[in-house]
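By convention in this document, chain letters (A, B, ...) are assigned in the order of the sequence lines, proteins followed by strands, and residues within each chain are numbered from 1.
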Amino acid sequence: MREVPDKVSLDGLEDRFDARWTAEGTYAFDRTAERADVYSIDTPPPTVSGSLHVGHVFSYTHTDVVARFQRMRGKRVFYPMGWDDNGLPTERRVQNYYGVRCDPSLPYVEGYEPPLQGAEGKSVKAADQQPISRKNFVELCERLTAEDEKQFEALWRHLGLSVDWTRTYQTIGQDAQAVAQTAFLRNLARGEAYTAEAPGLWDVTFQTAVAQAELEARDYPGHFHKVSFHAPDGTPVQIETTRPELLPACVALIAHPDDERYQHLFGTTVTSPLFGVEVPVLAHPAAEPDKGAGIAMCCTFGDLTDVQWWRELQLPTRSVLNRDGRLTRETPEWITSEAGVAMFAEMAGKTTFSARTAVVDALRASGDLDGEPVATQRKTNFFEKGDKPLEIVTSRQWYIRNGGRDAELNAQLLARGSELGFHPDFMRVRYENWVGGLNGDWLISRQRFFGVPIPVWYPVDAEGQPVWDSPIVPDEASLPIDPSSDVPAGYTAEQRGQAGGFVGDPDIMDTWATSSLTPQIAGGWLSDPDLFARVFPMNLRPQGQDIIRTWLFSTVVRSHLEHGSLPWSDAAISGWILDPDRKKMSKSKGNVVTPMGLLEEHGSDAVRYWAASARLGTDAAFEVGQMKIGRRLAIKILNASKFALSFAGEGEIRLDPAAVTVPLDRAMLAGLADVVDAATEALAAYDHTRALELSETFFWTFCDDYLELVKDRAYGGGDAEVSAETLSARTALALALDTMLRLFAPVLPFATEEVWSWWRDGSVHTAPWPVAAPLRAAAGTEARLDELTAAGNALAALRKIKSEAKVSMRTPILLAEVAVPAASLAAVEQAIGDIRGAGRVTGELTIREASEGEGSVDVQGGIVVVRSELGEPEARKPKA
RNA sequence: GGGCCUGUAGCUCAGCUGGUUAGAGCGCCACGCUUACACCGUGGACGUCGGGGGUUCGAGUCCCUCCGGGCCCA
């Protein structure tokens with residue numbers, strides 16, 4: 001045995017053990033392990049440019065508990081960490097942090113230094129941002145994310161994540177780019193990726209297309225306008241619209257097929273006011289009879305219903321909106337009337353807002369506006385990161401098939417969902433609802449700068465027009481490439497943009513198009529096939545419930561298409577952190593706590609305890625109180641361990657089960673054996689909360705009852721000769737300690753490692769997970785935890801008389817008569833020596849069976865002291 | 001409008017496939033510095049299990065309905 005410190009402490013354990021674990025490679029992955037012996041985790045790569053919050057600490061702790069449990073069970077745990085530095089959040093942050101913006105038309109500047117450094121938190125106005133080249137911009141992105149990564153790693157290490165820090169990746173890294181581009185090109189080769197000229201959601205602020213998964217519906221104020229169209233005979237047909245500026249883009253009026261009011265109009269045409277364009281009146285079930293007038297104007301495109309009508313009724317495309325959110329400058333060809341042309345001239349080039357004013361004024365003047373516009377709130381689609389309503393514009397974009405327009409693929413993906421183990425299981429419904437409700441393929445083109453480029457070029461024909469339908473693809477061996485600077489085989493750089501030459505695809509891929517490949521990136525799909533075979537398909541994907549439809553689903557899609565399998569067997573879904581007002585914690589609400597400060601204040605074990613106390617899938621309150629309880633538990637483990645180890649004196653700690661001969665000791669071990677079984681079962685089922693609760697409850701019983709009861713016997717009166725009874729107690733204490741340290745190790749890695757270091761070699765985290773069998777063997781077949789409970793109750797009953805007499809627990813009991821329910825009688829009598837010692841009964845102690853009505857089961861198991869006499873406390877000995 | 005989760009002591013939560021007087025911790029009250037621990041110990045008080053119906057010999061646990069939170073999708 002090494003040394004037990006005189007004064008135990010949790011302080012400083014995080015740094016000390018992080019250094020040791022790193023030096024000793026405690027969490028290093030053994031890459032010689034076969035797949036069957038591996039437990040692999042597809043760790044969520046945090047968005048490094050986002051800020052760290054307690055939600056991260058919360059959910060990553062859940063994963064770490066799983067990792068540590070599996071490691072102790074003998075699995076070779078593959079637990080890498082990635083950094084998601086891809087995409088828009090980084091771009092935005094770089095703009096503000098360095099005061100720059102990307103202008104792809106500018107040339108690269110060697111040794112560029114940005115105007116600002118660390119302008120955190122403020123947003124720099126676009127006009128004040130210095131325009132720089134794409135390459136310079138990307139370099140700044142990389143510079144900033146490198147700093148973020150350091151901070152993140154420091155936090156994770158401090159928290160005690162048992163990540164193999166030699167295995168990190170970046171979603172923008174070269175390898176990740178190669179994986180993303182390779183996977184894309186294979187999708188393309190198999191016909192799973194394609195381009196299409198199609199209406200899509202467009203964010204005018206960010207100037208990018210937006211996918212279905214990135215939508216967010218918000219209430220947005222608008223006005224209903226009652227506008228009259230005219231039948232050939234002059235009869236007005238009144239519609240209601242919130243977007244009168246799209247009147248020139250109108251292609252039809254549509255009502256529900258069953259709507260009595262419009263039966264006579266179906267199949268006829270009407271003429272639009274102001275513009276004089278003749279449009280058909282059509283029937284479609286998506287028209288809502290009780291909404292407005294029940295007849296709607298269908299435009300190119302006001303909302304997604306317009307798109308549906310356009311597609312299903314084969315309506316013409318009459319687009320008047322540009323990607324910059326302004327109306328086109330040229331008068332559309334379908335507007336031919338003199339008045340219409342004049343009207344459009346008034347709107348041309350204006351924002352939708354100004355154009356609307358112009359149209360409304362004109363309608364009012366022409367008498368085609370009935371009444372004044374009525375204010376309304378309506379759900380409008382927004383880009384989740386944007387603040388202007390999305391427009392729908394037609395453009396050429398890349399798509400990956402995801403079952404959104406293919407019933408067979410959809411069914412296959414639903415089947416994958418049913419193969420996947422969701423924890424908790426009800427989260428599966430979110431997957432099924434999402435997949436079942438898809439209405440289009442996955443749009444992956446993004447008109448951004450910082451991301452993985454779409455790795456294709458297009459030939460330019462003799463007229464100088466790109467030939468979109470026959471993209472030029474690179475060799476996989478040459479990946480990653482950037483088509484905006486790399487030149488396709490068979491061409492020269494001078495041919496870029498020239499007739500007979502080529503152009504590169506200007507877009508990058510959606511973040512999810514890369515993130516959906518994290519198992520492949522982390523597992524070395526391309527760079528290390530040997531490793532990949534040992535870790536893929538992985539065991540676990542931990543993540544939040546909000547991104548089941550995006551991250552989880554898209555990863556399933558990619559794996560299904562590329563590997564014909566699930567990417568992992570199980571998904572662990574963590575809940576949200578709620579603030580004390582039951583609100584989701586978020587930065588905008590200003591209720592976010594800095595995680596590092598939290599860890600430093602309470603200690604990592606304490607914060608981990610709080611996190612581990614919440615079940616998967618369940619929202620948890622941010623509760624400092626719970627952390628304090630965790631801290632108390634960790635300290636208690638240190639102290640109880642110090643105590644248990646102190647009895648051995650200078651000798652070695654014995655763990656020989658055969659030495660446990662006293663019934664009370666056996667009863668304790670029998671209870672512990674049950675805890676081991678139940679906790680193991682719970683952890684194997686991803687229920688860390690139950691495992692912790694069982695271990696914790698047992699531990700407190702161990703401290704309050706068992707430890708108190710055997711104290712005297714374990715001391716052995718200080719005799720040099722150790723009796724069998726004393727040896728039994730000491731051995732049982734050591735066995736229990738040895739087991740409990742392992743049980744707590746996944747949740748409290750620091751405190752348990754500290755104790756382990758006092759008397760064992762190596763790390764508790766690579767020690768085998770405890771099993772019940774040896775404890776049961778030591779306990780024998782007769783022993784039951786009830787015996788310890790009964791003895792503990794008897795002790796509590798004796799203490800109660802002291803507590804009620806308001807005297808110190810040191811007070812001796814000169815005489816006591818204790819009534820014990822029949823069921824507990826034998827156990828109490830058996831442990832009478834220990835009870836007498838712990839209760840300081842110096843005189844006569846009578847135990848008898850309780851009679852009817854004596855005692856209550858709720859209080860000390862029905863054990864009551866019916867007669868007693870207290871002595872004077874002995875004089876206190878001066879402290880050594 | 002559809003879906004999922006949730007409502008148990010002042011607070012945070014356990015209560016498995018329905019079975020005797022509903023549990024834990026925190027907080028609270030009283031007491032105690034007992035040679036592991038005052039970041040402690042001992043004892044105590046505290047609940048018509050959101051409301052209302054129903055099924056059942058029996059419901060916190062199953063069904064219906066209403067109310068309140070949270071999230072997702074329309």
Asks: Can you list the residues that meet the salt bridge (charged side-chain N to carboxylate O under 4.0 Å, His left out) rule with D6(A), with sequence neighbours excluded?
Replies: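 So D6(A) forms no salt bridge (charged side-chain N to carboxylate O under 4.0 Å, His left out) with any residue.
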
Asks: Is the backbone N or O of W610(A) less than 3.5 Å from a side-chain atom of E623(A), with the two atoms forming a donor-acceptor pair by type?
Replies: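 Flag not set: sc E623(A) to bb W610(A) has no pair under 3.5 Å.
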
Asks: Could you tell me how far apart D712(A) (CG) and U35(B) (P) are, to the nearest whole angstrom?
Replies: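 One finds 13 Å between P of U35(B) and CG of D712(A), rounded.
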
Asks: Nearest of A14(B), G43(B), C71(B) to any side-chain atom of A796(A)?
Replies: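 Comparing A14(B), G43(B), C71(B) against the side chain of A796(A), the answer is G43(B).
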
Asks: Rounded to whole angstroms, how far apart are CG on L616(A) and C1' on C13(B)?
Replies: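 It is 16 Å, rounded to the nearest whole Å.
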
Asks: Work out how far the P atom of U12(B) is from that of A30(B), and round it to whole angstrom.
Replies: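 These two P atoms come out 25 Å apart once rounded.
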
Asks: How close or far is atom P of G41(B) from atom CG of L633(A), stated in whole angstroms?
Replies: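 In whole Å, G41(B) P and L633(A) CG are 11 Å from each other.
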
Asks: Distance check needed: C37(B) P versus K628(A) NZ, whole Å only.
Replies: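 That distance rounds to 23 Å.
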
Asks: Roughly how many Å is it from CD in E708(A) to C1' in A36(B), rounded to a whole number?
Replies: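 Interatomic distance, CD of E708(A) to C1' of A36(B): 10 Å.
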
Asks: Distance-only, no hydrogens or angles: does the H62(A) side chain make a donor-acceptor pair with backbone N or O of A611(A) under 3.5 Å?
Replies: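 Side chain of H62(A) to backbone of A611(A): a pair is present.
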
Asks: Starting from P on C72(B), measure out to CG on D619(A) and report it in whole angstrom.
Replies: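 So the two atoms are 11 Å apart, to the nearest Å.
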
Asks: Name all residues meeting the salt bridge (charged side-chain N to carboxylate O under 4.0 Å, His left out) criterion together with E754(A); count only those two or more places apart in sequence or in a different chain, and write none if there are none.
Replies: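 In terms of salt bridge (charged side-chain N to carboxylate O under 4.0 Å, His left out), with neighbours along the sequence ignored, E754(A) is linked to R16(A).
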
Asks: Quantified in whole Å, what is the P atom distance between nucleotide C29(B) and nucleotide G23(B)?
Replies: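 Each nucleotide's P atom is 24 Å from the other's.
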
Asks: Between G68(B) and C26(B), how many Å separate the two C1' atoms, rounded to a whole number?
Replies: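 So the two C1' atoms sit 25 Å from each other.
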
Asks: In chain order, what residues pass the salt bridge (charged side-chain N to carboxylate O under 4.0 Å, His left out) check against E708(A), with sequence neighbours excluded?
Replies: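 Testing E708(A) for salt bridge (charged side-chain N to carboxylate O under 4.0 Å, His left out), a comparison that skips the adjacent residues, returns K711(A), R799(A).
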
Asks: Report, one pair per line, the protein and nucleotides 23-32 of chain B atoms (nitrogen or oxygen only) whose separation is under 3.5 Å.
Replies:
| unit_1 | atom_1 | unit_2 | atom_2 | d |
| --- | --- | --- | --- | --- |
| A30(B) | O2' | K806(A) | NZ | 3.1 |

Asks: Say you pick atom C1' in U61(B) and the same atom in U55(B); how far apart are they, in whole Å?
Replies: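 After rounding to an integer number of Å, I get 14 Å for this pair.
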
Asks: Are any of Y715(A)'s side-chain N or O atoms less than 4.0 Å away from OP1 or OP2 of A36(B)?
Replies: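 So the side-chain polar atoms of Y715(A) do come within 4.0 Å of the phosphate oxygens OP1 or OP2 of A36(B), strictly under.
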
Asks: When the P atoms of G60(B) and G69(B) are compared, how many Å lie between them, rounded to an integer?
Replies: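 The answer is 26 Å between these two P atoms.
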
Asks: Quickly work out the I635(A) CD1 to A38(B) P distance and round it to whole Å.
Replies: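 Going from I635(A) (CD1) to A38(B) (P), I get 10 Å.
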
Asks: When you check the gap from the basic side-chain N to the acidic O, do E391(A) and R243(A) get nearer than 4.0 Å?
Replies: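 Yes, E391(A) and R243(A) are salt-bridged.
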
Asks: Taking atom P in both G18(B) and C63(B), compute the distance separating them and give it to the nearest angstrom.
Replies: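 It works out to 11 Å between them.
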
Asks: Which listed nucleotide (C73(B), G15(B), A36(B)) is nearest to the side chain of K636(A)?
Replies: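 Output: A36(B).
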
Asks: Would you mind classifying the nucleic acid contact of E432(A) as base, sugar-phosphate or nothing, using non-hydrogen atoms under 4.0 angstrom?
Replies: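 Nothing, no nucleic acid heavy atom in range.
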
Asks: Which pairs pass side chain to side chain donor-acceptor pair (under 3.5 Å) with one or both residues in residues 690-707 of chain A, sequence neighbours excluded?
Replies: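 Non-adjacent pairs meeting side chain to side chain donor-acceptor pair (under 3.5 Å): Y609(A)-E696(A), D665(A)-Y706(A).
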
Asks: Please check the phosphate of U34(B) (OP1 and OP2 only) for any side-chain N or O of R840(A) closer than 4.0 Å.
Replies: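 Negative; the distance criterion is not met.
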
Asks: Toward the 5' end of RNA chain B, which comes first, K800(A) or L10(A), by nearest nucleotide?
Replies: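 Nearest-nucleotide comparison on RNA chain B picks L10(A).
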
Asks: Report yes or no: do T811(A) and R840(A) form a side-chain donor-acceptor pair below 3.5 Å?
Replies: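 No, because no side-chain N or O of T811(A) sits under 3.5 Å from a partner of the opposite role on R840(A).
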
Asks: Can you measure W576(A) atom CH2 to C5(B) atom P for me and round it to whole angstrom units?
Replies: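 In whole Å, C5(B) P lies 17 Å from W576(A) CH2.
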
Asks: Can you tell me how far C1' in U34(B) sits from the matching atom in C40(B), rounded to whole Å?
Replies: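 Each nucleotide's C1' atom is 11 Å from the other's.
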
Asks: Can you give the dot-bracket line for RNA chain B, using ( ) for pairs inside the strand, [ ] for pairs that cross earlier ones, | for pairs with another strand and . for unpaired bases, where Watson-Crick and G-U count if both distances are under 3.5 Å?
Replies: (((((((..((((.....[...)))).(((((.......))))).....(((((..]....)))))))))))).

Asks: For nucleotides A74(B) and C67(B), find the distance between their C1' atoms and express it as a whole number of Å.
Replies: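 One C1' to the other, the span is 24 Å.
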
Asks: Quick check against the 3.5 Å criterion: does R615(A) have a side-chain atom that pairs as donor or acceptor with the backbone of D687(A)?
Replies: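 A pair under 3.5 Å: no.
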
Asks: Is a donor on one side and an acceptor on the other found under 3.5 Å between the side chain of W512(A) and the backbone of T550(A)?
Replies: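 A pair under 3.5 Å: no.
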
Asks: Looking at every non-hydrogen atom in both residues, tell me the closest pair between V747(A) and D605(A) and how far apart they are.
Replies: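 Looking at all heavy atoms of both residues, the closest pair is O-OD1, 4.2 Å.
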
